[in-house]
Amino acid sequence: MGKESVDEILREALMAKEIPSPQLQEQLKQEFSDRQRKHRILRGVTVAASFLLVVVALGTTVFSEDIRATIKQFFGTITENYVNGDSGQKEQAEEEVYKIGETVTKQGVGITLEEVLVDANKIAYSMKVRADSPEIHFHEEIYLNGEKLSDTSSGISWYQAEENAEVIVWEKELNPNMELSGDVQVQLQIDSVEVGSMTVEDNWNFETTVNVDKANSHTTKAEMGIAVKLENGDVMVINDVVRTSTDCKLHIIYQPKELYTGDVELRVEGQDEHNNPINSSGSSMKKIKGTNDYNMVVTLDGVSNQTKKMTLAVYGLERKTFDYQQMSKEFTVEFL
């Protein structure tokens, strides 16, 4: 099978309606097991379990129609790792993903930019880094229409042994008040890669253009402009809530009563109109220059495309007790 990926083999087998060989079945089992066991969670992204749906059926000698239908639900890496909803929601997200497939190799280290998604909240991107060690680290800079994104990358990664590659699905939040439409110029720049104990310095640069109109058409924005006072006297001004095909984020101005020292970790929790739980899976804070205030972005999990209303409150983790306690009155978000 050479270096052909399991995903590519699957697609070819489905197109040709082939009977999978025992070797392919074993490779598939190992692939799905690796994706479940070896992914590493970083900040703010939930790993989808869709890859595991087919494992129980791989002991058969043919792909039944049910198995084919299940496998056909597989989409690209970004969609699979961001969307936990039904196939319709995945199809919507996949419409926004640009397949790039460009590889830059420097000093024996090959980096492939596989996919890019830009929406009203973030840029998400998937890459494969091919090297002789599974211990791979690097820092990248991203520019959208020439403007550098200030957020720190976050996401997941796992080692794909069959390709001797680290698979990375990361995101960066857009800068505050950044609004994009039409064609967007994307630049991704990497100047050093740590491979095991060795650091390779060079220039792995990627440039591409994506159109965000489809993503914008799938976006719902709830303007808020409400101030939520916390029990400790801090104030969180909820500017808006932006729901895209792949996430939902609260954009907040955090105004601490006193100089913020990071002693209280904040999160947002609640439920939708059907009492389904909603939790924050991650947040970021950036100090606003010249003030004591912060731009804060909170990512909410559990918000579907069908969610119409959310009732939320702010909770704080007291580091002395390691206990989250409600710190604000409930507030309501409605998507019209």
Side-chain angles (χ1 to χ4, degrees), residues 40-47 78 81-82 116-126 137-144 147-157 168-180 186 188 215 219 221-222 224 226-228 230 232 234-256 259-270 278-303 310 312-317 319 324 327-328 331 333:
R40 298 198 295 273
I41 304 284
L42 302 179
R43 176 178 62 84
V45 178
T46 301
V47 180
I78 289 177
N81 284 281
Y82 271 85
V116 172
L117 163 68
V118 180
D119 62 25
N121 282 331
K122 66 187 176 299
I123 175 172
Y125 47 102
S126 66
H137 306 279
F138 63 85
H139 173 74
E140 84 293 351
E141 301 289 358
I142 293 182
Y143 298 79
L144 299 183
E147 182 178 341
K148 180 179 176 180
L149 299 186
S150 59
D151 186 37
T152 301
S153 295
S154 62
I156 67 169
S157 66
I168 294 164
V169 187
W170 281 355
E171 73 166 66
K172 279 182 182 281
E173 294 167 3
L174 301 189
N175 292 339
N177 302 316
M178 177 179 278
E179 295 185 2
L180 302 172
V186 178
L188 188 151
T219 297
K221 184 175 182 179
M224 300 288 291
I226 64 169
V228 178
L230 309 187
N232 62 358
D234 296 352
V235 174
M236 295 173 66
V237 180
I238 317 287
N239 286 334
D240 57 49
V241 183
V242 180
R243 178 179 60 189
T244 69
S245 295
T246 50
D247 67 14
C248 181
K249 295 184 186 292
L250 299 173
H251 297 92
I252 298 166
I253 300 296
Y254 176 50
Q255 302 172 331
L259 184 65
Y260 180 69
T261 59
D263 55 335
V264 178
E265 181 180 326
L266 302 173
R267 71 184 187 189
V268 178
E269 293 184 1
I278 294 173
N279 300 290
S280 53
S281 61
S283 64
S284 65
M285 292 179 61
K286 301 181 185 70
K287 197 169 188 300
I288 301 174
K289 290 183 179 180
T291 74
N292 290 327
D293 299 344
Y294 293 80
N295 279 312
M296 185 176 184
V297 180
V298 176
T299 302
L300 297 177
D301 278 354
V303 184
M310 301 183 291
L312 306 171
V314 180
Y315 291 76
L317 174 65
R319 298 191 181 279
Y324 277 97
M327 295 184 64
S328 77
F331 60 95
V333 177

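Numbering of residues begins at 1 and proceeds along the displayed sequence.
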- Do the side chain of S157 and the main chain of I168 share a donor and acceptor less than 3.5 angstrom apart? no
- Task: Measure the CD1-CZ distance between I238 and F331 for me, rounded to the nearest 0.5 Å.
- Result: 4.0 Å
- Between OG of S280 and CG of D301, what distance do you get to the nearest 0.5 Å? 8.5 Å
- Message: If I take atom OH from residue Y324 and atom CD from residue E269, how far apart are they, to the nearest 0.5 angstrom?
- Response: 8.0 Å
- Query: Hey, what do you get for OG (S284) to NZ (K172), rounding to the nearest 0.5 Å?
  - Reply: 11.5 Å
- Is K148 atom NZ crowded by more than 12 heavy atoms from other residues, nucleotides or ligands, each under 6.0 Å away? no
- Would you say R267 and L317 make side-chain contact, with heavy atoms under 4.5 Å? no
- Hey, could you give me the OG1/CZ distance between T219 and R243, rounded to the nearest 0.5 Å? 9.5 Å
- Message: Just so I know, are the side chains of N292 and K287 near enough to count as touching, which here means a heavy-atom distance under 4.5 Å?
- Response: yes
- So how far is it from D151 CG to I123 CD1, rounded to the nearest 0.5 Å? 11.5 Å
- Taking C-beta and beyond as the side chain, do M285 and L266 meet within less than 4.5 Å on heavy atoms? no
- Item | S150 backbone acceptor or donor facing N175 side chain under 3.5 Å | yes
- Y82 and E171: side chain donor to acceptor below 3.5 Å: yes
- Item | Side-chain heavy atoms of I252 within contact of V297, under 4.5 Å | no
- Test E173 against K286 for side chain to side chain contact (heavy atoms under 4.5 Å, CB included), laying out the working first. CA-CA 12 Å; E173 294 167 3; K286 301 181 185 70; 3.8 Å; yes
- Query: Between N121 and V242, is there a donor-acceptor pair closer than 3.5 Å when you use the side chain of the first and the backbone of the second?
  - Reply: yes
- If we only count heavy atoms from C-beta on, is the I253 to I288 side-chain gap below 4.5 Å? yes
- Query: Any idea how Y125 and W170 line up, ring-wise: parallel (<30°), tilted (30 to 60°), or perpendicular (>60°)?
  - Reply: perpendicular
